[in-house]
Peer 1: 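Encoded as C-alpha cells, here's the structure I'll be asking about.
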Amino acid sequence: MRIRVALVTLCVAAASLVGSGSAAGPSMADPPPSGGVSGSKPYNLYTHGFLSSPTVGYRVTDHGPVRKIGGNPVAGMGSWPKTASPDGRHLLVASGVPAVLRNYDIDNVGRLHLRQETPLPDIPVGLEFTPDSKNFYLTMGVANATIQPYRMTDDGSARPLGRRVPVGQPLDGLTTVMVTPNTRHLIVGSYLRHELLRFDIKADRTLTPVRQRVPTQSGPIFPVITPNGRHVYIMNETGNSVSGYNILGDGRLVPTGQAPMPTGLFPHVASVTPDGRFMYVPNLASTFISVFAINSNGTLRALPNAQTGTSPLGPMPESSTLSPSGKVLWTLGQDMARGNECIMQRFFVMPNGTLRHDRSTYVRTGTLISDGKVITMAPGR
C-alpha cells in the first residue's frame, strides 16, 4: 500500500511538471493479422482516470476506427471501481470523492444517461455484476471492509439488497471482488491481510458470512475467474506475481500447487479469454503486459510479454478488457511522458495466445492516472 501511494504521488508530481496536453483524435487500426481477427459488431469502451472526473466513452469494433461517444459524464475523483452489466444496459461508477455510486443507462449507440446517484457510507473499492445482470456487489472501506449486495429493478434502478455484510477482520480492506460464473460464490481479495476470501451467495442473492480464507502473496488485488468457473487468479500487487487457485465443486479454494508466477511491477486488472486458455496481466509500473497460457489443472505457462511502451516512461498498462469476441485486448495505462495522461491501446489476440500490438491505435483520453478498473467493455445491442 505504501508503495502504491508513493507511486501515485510520483505520478502527480510528474503531471504538474509535464502537463497533461490535449487529447489526440482516435486513429485507424492496422489491418487485422492473418488468421487472427475477423469482423465484429460495435461495442462500447468506457474509460476514466483515478484523478479525473469525466468518463470518456468510445464506440469500437475489433479492427475498425475508434470513435468517441459524445458527452463526458461524471465519474468522480478517486474512482477505483467501474463495471458494466453483461447485457450492456448499465454502467456503474463508484467514486471516493465524493463517495457516490452512479448508475448510468447505456443507449443503443453507447451514450450514458444518469439514472441514479446514491451516496455511500464508505470509500468504494470493488464492484461486480452477476452474470445475469440482475444483481451486483459493492465492497467498501480501506479497513473494516463491508460488502453491500444490490438488485437491479425492472426500471433499471439499483436497490440495496439486505444489510451490508462485514468482511470480518479490522484489517480487511481494499477488497476487490469477482462473482463465479454459476453465481454461487463471491471471491474477494483482502489487500491488507494478504488473503483470498470466499463468500457463498444465497438463493435470494444475499451473502453468507465469509466461508474460507486462504493466504496469498503480498497485496492481493483484482481476482479474475476463468469462464468455466474452475480457476481463480489473484494479482499480488506488491509481490509482482500472480497466484492461482482451483475452485472445487462446493466452492472451496485450493492452491494449484504452482509457485506464484512472476509478472511486471504492480500487476493489476487482468483478462482471461472466453475459452479460458490465456490470461493477460497488465502491469501498472512496467511497459509490458505479462501473457500466460492456462493449463487444464490451473497452472500457468509464461508466454512472451507484449510491449506497450513507446518509451521507458510509458504507456504503462494498468487495466485491461477483452472484446466480446475475445479476439482483441484493450488496455488503459498512463504515459509519464505525457504528464500521466491515460492512453488506450489495442492488441490482437493470436491463435497461440500471444498478442500483436496494433501500433496505429494510440488513443489519448485526456484523463489522468490509471489505477483501478479504469477501462470497461459493454457489449453493443
Peer 1: Does L355 reach the side chain of M350, with side-chain heavy atoms less than 4.5 Å apart?
Peer 2: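 No, side chains not in contact.
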
Peer 1: Given S290, which partner from the list T263, L300, V242 fulfils the side-chain contact (heavy atoms from CB on, under 4.5 Å) test?
Peer 2: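 Passing option: T263.
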
Peer 1: Within a strict 4.5 Å, meaning less than it, do heavy atoms of the W330 and I375 side chains meet?
Peer 2: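 Of all side-chain heavy-atom pairs linking I375 with W330, at least one is under 4.5 Å.
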
Peer 1: I need the full list of side-chain hydrogen bond (donor to acceptor under 3.5 Å, both in side chains) pairs touching residues 86-98, with sequence neighbours left out, sorted by first then second residue.
Peer 2: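 Every pair satisfying side-chain hydrogen bond (donor to acceptor under 3.5 Å, both in side chains) with a residue in residues 86-98: S85-D87, H90-D105, S95-R102.
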
Peer 1: Apply the test side-chain contact (heavy atoms from CB on, under 4.5 Å) to residues I201 and Y137: give CA-CA distance (whole Å), side-chain angles for both, the deciding distance (0.1 Å), then the verdict.
Peer 2: CA-CA 11 Å; I201 299 175; Y137 299 90; 3.3 Å; yes

Peer 1: Atom CZ of residue position R115 - does it have more than 12 heavy atoms of other residues, nucleotides or ligands inside 6.0 Å?
Peer 2: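 It does: R115 CZ has more than 12 such atoms within range.
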
Peer 1: To the closest 0.5 Å, what do you measure between CG (L196) and CD (Q217)?
Peer 2: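 Rounded to the nearest 0.5 Å, the CG-CD separation comes to 12.5 Å.
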
Peer 1: Which residues pass the salt bridge (Lys or Arg N to Asp or Glu O under 4.0 Å) test with R211, not counting sequence neighbours?
Peer 2: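 Once residues adjacent in sequence are excluded, the partners of R211 under the salt bridge (Lys or Arg N to Asp or Glu O under 4.0 Å) criterion are D200.
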
Peer 1: Mind jotting down which residue pairs meet the side-chain hydrogen bond (donor to acceptor under 3.5 Å, both in side chains) criterion with at least one end in residues 222-235? Sequence neighbours excluded, please.
Peer 2: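 Applying side-chain hydrogen bond (donor to acceptor under 3.5 Å, both in side chains) to every pair that reaches into residues 222-235, excluding sequence neighbours, yields T226-N228, H231-N246.
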
Peer 1: Would you say the side chain of S241 lies within less than 4.5 Å of the side chain of P262, judging by non-hydrogen atoms?
Peer 2: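 Not in contact.
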
Peer 1: Do H113 and R111 come within less than 4.5 Å of each other through their side chains, counting heavy atoms only?
Peer 2: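 In short, these two side chains touch, coming nearer than 4.5 Å.
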
Peer 1: By the definition side-chain contact (heavy atoms from CB on, under 4.5 Å), identify the one residue from V224, I187, T216 that meets it with I234.
Peer 2: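 For I234, the side-chain contact (heavy atoms from CB on, under 4.5 Å) check succeeds only for T216.
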
Peer 1: Can we say K202 and D204 salt-bridge, meaning some charged N sits less than 4.0 Å from an Asp/Glu carboxylate O?
Peer 2: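 Salt bridge absent between K202 and D204.
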
Peer 1: What pairs with R213 under salt bridge (Lys or Arg N to Asp or Glu O under 4.0 Å), at least two apart in sequence or on another chain?
Peer 2: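 Once residues adjacent in sequence are excluded, the partners of R213 under the salt bridge (Lys or Arg N to Asp or Glu O under 4.0 Å) criterion are D172, E195.
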
Peer 1: Of the options L253, V232, V188, which is the one that meets R198 in a side-chain contact (heavy atoms from CB on, under 4.5 Å)?
Peer 2: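 So, applying the side-chain contact (heavy atoms from CB on, under 4.5 Å) to R198 and each of L253, V232, V188, only L253 qualifies.
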
Peer 1: Indicate yes or no: at least one non-hydrogen side-chain atom of V214 is less than 4.5 angstrom from one of P255.
Peer 2: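 No, side chains not in contact.
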
Peer 1: Salt bridge or not between E128 and K373? Use side-chain N to carboxylate O under 4.0 Å.
Peer 2: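 Yes, charged N to carboxylate O under 4.0 Å.
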
Peer 1: Within a reach of under 6.0 Å around CZ of R163, are more than 12 heavy atoms found that belong to other residues, nucleotides or ligands?
Peer 2: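 Open: at most 12 neighbouring heavy atoms sit under 6.0 Å from CZ of R163.
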
Peer 1: Using a 4.5 Å cut-off on heavy atoms from C-beta on, say whether the side chain of Q169 contacts that of L171.
Peer 2: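 The answer is no; the side chains never approach within 4.5 Å.
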
Peer 1: With sequence neighbours excluded, tell me which residues meet salt bridge (Lys or Arg N to Asp or Glu O under 4.0 Å) with D155.
Peer 2: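 D155 satisfies salt bridge (Lys or Arg N to Asp or Glu O under 4.0 Å) with no residue once adjacent residues are dropped.
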
Peer 1: Could you walk me through whether F347 and T331 satisfy the side-chain contact (heavy atoms from CB on, under 4.5 Å) test, starting with their C-alpha distance in whole Å, then the side-chain angles of each, then the deciding distance to 0.1 Å, before giving a yes or no?
Peer 2: CA-CA 8 Å; F347 297 81; T331 64; 3.6 Å; yes

Peer 1: Do S271 and S320 have side-chain atoms, one donor and one acceptor, less than 3.5 Å apart?
Peer 2: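 Note: S271 and S320 side chains meet the donor-acceptor criterion.
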
Peer 1: Please identify each residue that fulfils salt bridge (Lys or Arg N to Asp or Glu O under 4.0 Å) with D335, with sequence neighbours left out.
Peer 2: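 Here no residue qualifies.
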
Peer 1: If we only count heavy atoms from C-beta on, is the F292 to V281 side-chain gap below 4.5 Å?
Peer 2: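 Yes, close enough: below the 4.5 Å cut-off.
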
Peer 1: Would you say that T83 contacts F136 through its side chain, given a criterion of any heavy-atom pair below 4.5 Å between the two side chains?
Peer 2: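 In short, these two side chains do not touch, never coming nearer than 4.5 Å.
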
